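Okay, so here's the structure we're looking at.
Counting begins at 1 with the first residue of the sequence. These numbers come from a predicted model, not from an experiment.
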Amino acid sequence: RAPTLAPTGQCWELPTAGCCQTAQGGAGNFTVVSVQQGDMDACTHLCLANDACFGIGIVFGSTNNCQLHWSNEAFYATDLNETCGACCPCRTAAPTASPTTSPTTSPTTSSPTASPTGSPTTSSPT
């Protein structure tokens, strides 16, 4: 699924700081890019400039500390340890269902419904 930009046009940090983690406990599919240590803005800019990037991960204590994530699966949870800084989704997955290309047909009945009568209808007491 192609990513779509978050409503704000910016990345947002997951509530718990830490490394990005998939539901299976892995790190997901990402590329490491060298930015100035802890420069979250530079990492965010690199992700937002690439339409295929879903979000970023920041790792402390390394010159290669910007992770550009290529799928939304890595934003399931965070793994807090001494080298993990932040996990920030920037885009969400596009919807999988596509609109129909042609109009749908309305249901048909086997016989037409009766026209309204000229006089009011009454119901009998029960």
Side-chain angles (χ1 to χ4, degrees):
R1 294 177 277 176
T4 56
L5 197 56
T8 61
Q10 298 294 317
C11 302
W12 64 97
E13 190 171 347
L14 293 180
T16 305
C19 291
C20 301
Q21 194 171 37
T22 67
Q24 295 77 29
N29 179 18
F30 64 91
T31 300
V32 176
V33 179
S34 181
V35 296
Q36 185 175 353
Q37 185 173 351
D39 193 347
M40 194 172 198
D41 289 337
C43 193
T44 297
H45 177 72
L46 289 170
C47 183
L48 293 175
N50 187 324
D51 290 340
C53 182
F54 275 89
I56 63 170
I58 300 292
V59 179
F60 296 131
S62 170
T63 55
N64 295 325
N65 61 352
C66 172
Q67 299 172 344
L68 301 178
H69 285 269
W70 306 113
S71 72
N72 64 340
E73 69 179 359
F75 303 104
Y76 179 80
T78 54
D79 176 24
L80 185 58
N81 67 48
E82 66 277 357
T83 63
C84 296
C87 181
C88 307
C90 300
R91 294 180 169 89
T92 56
T96 55
S98 300
T100 58
T101 55
S102 58
T104 56
T105 57
S106 58
T108 58
T109 58
S110 56
S111 61
T113 54
S115 297
T117 61
S119 58
T121 55
T122 58
S123 59
S124 56
T126 54

Is there a side-chain contact between H69 and F75, using heavy atoms and a 4.5 Å cut-off?
yes

C87-C19 sulfur separation below 2.5 Å?
no

Compare all side-chain heavy atoms of Q21 with those of D79 and state whether any distance is below 4.5 angstrom.
yes

Kindly compute the distance separating CD (E13) from OG1 (T78), expressed to the nearest 0.5 Å.
9.0 Å

Can you measure from OG1 (T44) to CG (L48) and round to the nearest 0.5 angstrom?
6.5 Å

Should the SG of C47 and the SG of C53 be checked, would they turn out to be under 2.5 Å apart?
yes

Connected via hydrophobic side-chain network under 4.5 Å: F54 and Y76
no

To check you understand the geometry: which heavy-atom pair defines the closest contact between A74 and T22, and what is its length?
CA-CG2, 3.9 Å

Which pairs would a plain distance check flag for residues 23-31, meaning a side-chain donor or acceptor within less than 3.5 Å of a matching protein atom at least two apart in sequence or in another chain?
from : atom 1 : to  : atom 2 : distance (Å)
T31  : OG1    : W70 : NE1    : 2.8

Start with the C-alpha gap between C88 and C11, add the side-chain angles, then the distance that decides, and say whether disulfide bond (SG atoms under 2.5 Å apart) holds.
CA-CA 6 Å; C88 307; C11 302; over 6 Å; no

Taking it one step at a time, do I56 and M40 satisfy side-chain contact (heavy atoms from CB on, under 4.5 Å)?
CA-CA 9 Å; I56 63 170; M40 194 172 198; 4.2 Å; yes

Taking C-beta and beyond as the side chain, do C43 and Q67 meet within less than 4.5 Å on heavy atoms?
no

Is there side-chain contact between L14 and P89, with at least one heavy-atom pair below 4.5 Å?
yes

Separation of C90 SG from L46 CG (nearest 0.5 Å):
10.5 Å

Considering all heavy atoms of both residues, which atom of V59 and which atom of N65 are nearest to each other, and what is their separation?
O-CB, 2.6 Å

